[in-house]
2 protein chains.
Amino acid sequence: MTTESIKRGTDWLAGAGLRPTRQRVALAELLVGDGQHRHITAESLYASASERTDGVSLATVYNTLKAFSEAGLIREIMVDGTKSYFDTRVDDHPHFFWEDDGHLTDAPKEQLEISALPDAPAGTEISKVDVVIRVRRT
Amino acid sequence: MTTESIKRGTDWLAGAGLRPTRQRVALAELLVGDGQHRHITAESLYASASERTDGVSLATVYNTLKAFSEAGLIREIMVDGTKSYFDTRVDDHPHFFWEDDGHLTDAPKEQLEISALPDAPAGTEISKVDVVIRVRRT
DNA sequence: CTCGATGCAAAGAATTTGCATTAGT
DNA sequence: ACTAATGCAAATTCTTTGCATCGAG
């Protein structure tokens, strides 16, 4: 929790017009404090927050992730079905889903080329294209 | 429940070496009885089965879907996070996910062309690539 | 006959919600 | 001060499990 990471977290919240409460700043710091992208679940974030003195309840972690997600700060990714994953990187990009332990990593966007995409059905528009590459340890 | 649809269901089960019990045949018939592909959830299949005289408990629907899935007869698709969807079409193909009402349809496979796919991380192999095209009514 | 399959109800896991309390602006 | 945000526990939703019973081979 350096001054720098706190600033990053606070600015990130400000950018979305979210009130910088103590717990939001703490979570924001864990998410973007080091400027790196991160893949998390409600449980994993709760665990990280609990390791520090910042007390944040699990319900608040859920509510906050939802708020961040609605504000466009993070993006929810569907891969597992049993839990929700969130990504601090919000542009459209593919993911690797490690089937063995259920974790998620970014896949290089430049290496994915979709040369043809099915047309959206009449009366609809594409809002997002999810590409999940499931990998398994050999 | 024609002789024909019952035969389709029974053969389908036999092909996977699954014992053709009364409830499995009933569910198999609902799934592949008309030779069409189908996207279902445990709840929707349970609802269909309940409309008929075939009594099948919800727990059995869940267990059976899992058994069918493990036998490779159907495939689970991750899109929603809140429920599991299954597809009777088991080859790799893209889907449209209708965000408005949360239903799923097949997208034409021929219209999807992936000209480059990220390499699997060292020590892993790709088991499957999921492409979900989220659409929204305009 | 012998096990695998089923049914039910109870257990579980992930997430949401109601409501009183706390804390930004 | 005025409200939005929080914390907790209770409620929900989806899914799995334990165990006695049933039925296909």
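Each chain gets a letter, A, B and so on, in the order its sequence line appears, and its residues count up from 1.
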Quiz item: For atom NZ of B/Lys109, is the number of surrounding heavy atoms from other residues, nucleotides or ligands below 6.0 Å larger than 12?
Solution: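 Yes.
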Quiz item: When you match A/Asn63 and A/Glu43 each to their closest nucleotide on DNA chain C, which lands nearer the 5' end?
Solution: A/Glu43
Quiz item: In terms of side-chain heavy atoms, does A/Glu29 have a donor or acceptor partner in A/Ser5 at a distance below 3.5 Å?
Solution: yes
Round to a whole Å and report the spacing from [atom1] of [X] to [atom2] of [N].
X       : N      : atom1 : atom2 : answer
B/Glu70 : C/dA5  : CD    : P     : 11 Å
A/Leu13 : D/dA4  : CG    : C1'   : 14 Å
B/Arg22 : D/dT21 : CZ    : C1'   : 14 Å
A/Lys66 : D/dA5  : NZ    : P     : 13 Å
A/Leu18 : D/dT3  : CG    : P     : 20 Å
A/Lys83 : C/dA14 : NZ    : P     : 5 Å
B/Glu76 : D/dC14 : CD    : P     : 15 Å
A/Leu27 : D/dA5  : CG    : C1'   : 12 Å

Quiz item: If you check the B/Pro20 side chain, which of D/dT15, D/dT17, D/dA24 turns out closest?
Solution: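 Looking only at side-chain atoms, B/Pro20 lies closest to D/dA24.
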Self-check item: Among C/dT25, D/dC14, C/dA5, the one nearest A/Arg19 by side-chain distance
Solution: C/dT25
Exercise. Determine, step by step, whether B/Arg38 and B/Asp106 satisfy the salt bridge (charged side-chain N to carboxylate O under 4.0 Å, His left out) criterion, reporting the C-alpha distance in whole Å, the side-chain angles of both residues, the deciding distance to 0.1 Å, and the verdict.
Key: CA-CA 9 Å; B/Arg38 203 162 253 102; B/Asp106 282 334; over 6 Å; no
Within the structure, does a side-chain N or O atom of [X] lie under 4.0 Å from either OP1 or OP2 of [N]?
X       : N      : value
B/Thr82 : D/dC14 : no
A/Ser57 : D/dG7  : yes
A/Ser84 : C/dT15 : yes
B/Thr21 : C/dT6  : yes
B/Tyr62 : D/dT15 : yes
A/Arg24 : D/dA5  : yes
B/Gln23 : D/dG23 : no

Self-check item: Electrostatic pair A/Asp100:A/Arg136 at N-O distance under 4.0 angstrom
Solution: no
Quiz item: Is there a donor-acceptor contact under 3.5 Å from the side chain of A/Gln111 to the main chain of B/Asp119?
Solution: yes
